[in-house]
Undergrad: 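My questions all concern the structure below.
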Amino acid sequence: MAKTRPALPLNPLRAFAVAVGHKTFTSAAVEMGVSQVAISRQISILENHLGVQLFERGSRSVRLTEVGRAFGADVAAIFDELERVTQRLVDHETDRTIQLRVYPSVAHYWLMPRLPDFQTRHPDLRLRLDTTVAPLDFRGTQLDAAIQLGQGGWREARSRPLFAETVDVVCSPDYLRRHPLRDPADVAGVELLHSRYRRRAWQDWAERMALDLPFREGVEFDSSLLTYSAAQQGLGLAMGQVPILAGELARGALVQPFRAPVPTGADFHVIWPTTLSVAAKTRHFIDWLLDQAGETPEFFRRRTAGG
């Protein structure tokens with residue numbers, strides 16, 4: 001029967017390696033963000049585990065023993081190599097991964113159905129989605145690009161429009177059968193579904209339709225993704241962003257009772273920071289997004305049939 005090896009005390013080993021480099025428990029504690037007592041305790045655990053004394057402790061100082069000095073050099077070298085290996089992995093993943101800020105609804109309805117095409121064209125690249133809904137500021141983030149709604153002018157960034165935002169009333173076919181809607185004014189008598197971050201959507205549509213609509217009534221959801229899902233489940237009418245929901249409308253999961261789309265004057269843009277040079281992975285992704293939206297590329301010329 002094989003002899004079971006005792007588990008290596010990795011935390012004490014790490015504390016010891018840092019203490020060897022600093023030669024004092026106080027400096028080691030500062031680097032590791034713990035107390036001096038914690039460092040001393042970790043090293044005592046290691047000494048007890050090994051059965052050797054690694055430090056000679058005085059009233060106000062500590063000093064490596066001969067055994068501790070030799071062992072410390074080996075342990076520190078091992079941790080240095082581990083950090084190098086880890087950094088190589090992180091650098092490799094970062095080099096292949098595109099960090100994208102995108103709304104949950106855009107990710108779910110517009111981007112994800114198209115991603116198989118991106119994977120086919122760029123199998124070496126990966127996409128990591130950040131679906132935080134917050135004002136865009138590339139400073140202090142690892143974001144490579146973003147898809148956001150607006151009219152341009154993002155700070156320290158460049159942008160290209162992908163498609164214009166148009167909105168229209170949407171609901172499930174079943175809801176329309178249960179609540180026949182023949183005129184936009186009929187909206188006043190049914191359930192309205194609201195998105196938290198698009199709370200003015202119904203109001204703006206009503207004003208464009210010249211309707212006196214009780215737009216403050218209805219059910220509110222935290223995201224457009226949930227609002228559209230609720231509409232698909234037959235819970236009421238949502239103010240849908242038509243370009244995003246094109247797939248759902250095409251397959252009949254949602255319908256437009258009035259077919260009265262209204263442009264909002266805003267566009268969905270792809271945005272990237274100007275504080276750093278644009279990496280090749282990001283350039284490829286931006287051009288792919290523009291291609292999906294039927295726009296000309298920003299970075300790489302399209303290949304022609306004879307080119």
Side-chain angles (χ1 to χ4, degrees), residues 31 33 79-165 197 223-225 241 243-244 264-307:
E31 176 176 332
F79 274 101
D80 286 344
E81 179 60 22
L82 181 60
E83 289 180 357
R84 284 193 292 271
V85 169
T86 303
Q87 191 60 50
R88 282 200 299 270
L89 173 64
V90 171
D91 290 343
H92 178 65
E93 285 299 300
T94 302
D95 187 59
R96 295 175 57 234
T97 302
I98 301 158
Q99 308 274 359
L100 177 71
R101 170 76 61 81
V102 59
Y103 303 117
S105 55
V106 177
H108 180 79
Y109 290 109
W110 190 86
L111 180 61
M112 290 176 65
R114 292 170 166 79
L115 282 183
D117 180 77
F118 180 72
Q119 292 175 331
T120 298
R121 297 194 201 187
H122 302 283
D124 56 323
L125 299 181
R126 298 174 58 191
L127 191 63
R128 183 170 296 156
L129 304 184
D130 173 354
T131 56
T132 303
V133 180
L136 179 64
D137 189 341
F138 286 105
R139 296 173 301 174
T141 75
Q142 298 298 315
L143 295 175
D144 296 299
I147 299 175
Q148 300 284 283
L149 179 64
Q151 297 174 327
W154 284 275
R155 182 173 182 176
E156 297 180 343
R158 288 192 61 196
S159 65
R160 286 277 305 275
L162 293 173
F163 46 84
E165 183 189 41
Y197 294 103
S223 69
S224 293
L225 178 61
Q241 294 161 299
I244 293 174
T264 66
D267 295 286
F268 285 93
H269 292 72
V270 56
I271 312 157
W272 61 96
T274 56
T275 52
L276 299 172
S277 61
V278 186
K281 61 180 182 181
T282 308
R283 296 199 299 270
H284 282 298
F285 181 67
I286 291 170
D287 274 6
W288 175 79
L289 284 175
L290 291 166
D291 180 65
Q292 294 297 303
E295 299 293 331
T296 59
E298 175 73 19
F299 297 101
F300 302 104
R301 295 176 59 186
R302 284 188 180 134
R303 294 180 181 177
T304 62

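Side-chain atoms are counted along with the backbone in the values below, which use heavy atoms only and exclude waters and symmetry mates.
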Undergrad: Listed by chain and number, what are the side chain to side chain contact (heavy atoms under 4.5 Å, CB included) partners of P104, not counting sequence neighbours?
TA: T131, V133, L225

Undergrad: Which pairs would a plain distance check flag for residues 152-165, meaning a side-chain donor or acceptor within less than 3.5 Å of a matching protein atom at least two apart in sequence or in another chain?
TA:
| residue | atom | partner | partner atom | Å |
| --- | --- | --- | --- | --- |
| R158 | NH1 | E298 | OE2 | 3.2 |
| R158 | NH2 | E298 | OE2 | 2.8 |
| R160 | NH1 | T296 | O | 3.4 |
| R160 | NH1 | E298 | OE1 | 2.8 |
| R160 | NH2 | T296 | O | 2.8 |
| R160 | NH2 | T296 | OG1 | 3.3 |
| E165 | OE1 | T264 | OG1 | 2.6 |
| E165 | OE2 | Q241 | NE2 | 2.8 |

Undergrad: List the residues meeting ring pair (Phe, Tyr, Trp, His ring centres under 6.0 Å) with Y197, not counting sequence neighbours, and say none if there are none.
TA: none

Undergrad: Between CD1 of I286 and CD1 of I147, what distance do you get to the nearest 0.5 Å?
TA: 10.0 Å

Undergrad: Could you tell me whether the side chain of R128 and the main chain of T97 form a donor-acceptor pair under 3.5 Å?
TA: no

Undergrad: Looking at residues at least two apart in the chain, or sitting in another chain, which of them share a side chain to side chain donor-acceptor pair (under 3.5 Å) with S224?
TA: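 Scan of S224 (side chain to side chain donor-acceptor pair (under 3.5 Å), adjacent residues dropped) gives S195.
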
Undergrad: Can you see which heavy atom on P113 is nearest to which on P116, and at what distance?
TA: O-CD, 3.6 Å

Undergrad: Is a side-chain N or O of D287 found less than 3.5 angstrom from the main chain of P297, in a donor-acceptor match?
TA: no

Undergrad: Counting only N and O atoms by type, is there a donor-acceptor contact under 3.5 Å from the side chain of T141 to the main-chain atoms of L143?
TA: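 Judged by distance alone, yes, a pair lies under 3.5 Å.
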
Undergrad: Under the rule for ring pair (Phe, Tyr, Trp, His ring centres under 6.0 Å), what residues qualify as partners of Y109, not counting sequence neighbours?
TA: Y228

Undergrad: With salt bridge (charged side-chain N to carboxylate O under 4.0 Å, His left out) as the rule and sequence neighbours excluded, what pairs involving residues 106-120 come up?
TA: D117-R121

Undergrad: Residues two or more places apart in sequence or in another chain: which of them pass side chain to side chain donor-acceptor pair (under 3.5 Å) with R101?
TA: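 Checked R101 against side chain to side chain donor-acceptor pair (under 3.5 Å); matches are D130.
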
Undergrad: Identify the residue among T275, I271, D144 that makes a side-chain contact (heavy atoms from CB on, under 4.5 Å) with F138.
TA: I271

Undergrad: Between K281 and I98, what is the shortest heavy-atom contact and its length?
TA: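 Nearest pair, atom of K281 first, then I98: O-CD1, 3.5 Å.
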
Undergrad: State which residues pass side chain to side chain donor-acceptor pair (under 3.5 Å) with Q151; sequence neighbours excluded, sorted by chain then number.
TA: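 Partners of Q151 under the side chain to side chain donor-acceptor pair (under 3.5 Å) test: none.
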
Undergrad: Please tell me if the side chains of Q148 and H269 come closer than 4.5 Å, counting only heavy atoms from C-beta onward.
TA: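 They are not in contact (no side-chain heavy atoms under 4.5 Å apart), so the answer is no.
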
Undergrad: Checking H108 now: which residues fulfil ring pair (Phe, Tyr, Trp, His ring centres under 6.0 Å) with it, not counting sequence neighbours?
TA: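 H108: no ring pair (Phe, Tyr, Trp, His ring centres under 6.0 Å) contacts found.
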
Undergrad: Report yes if the side chains of F268 and W110 come closer than 4.5 Å at any heavy-atom pair, otherwise no.
TA: no

Undergrad: How are the rings of F285 and F118 set to each other: parallel, tilted or perpendicular (split at 30° and 60°)?
TA: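 The arrangement is perpendicular - the two ring planes meet at more than 60°.
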
Undergrad: Do W288 and L115 have side-chain heavy atoms sitting under 4.5 Å apart?
TA: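 Yes, side chains in contact.
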
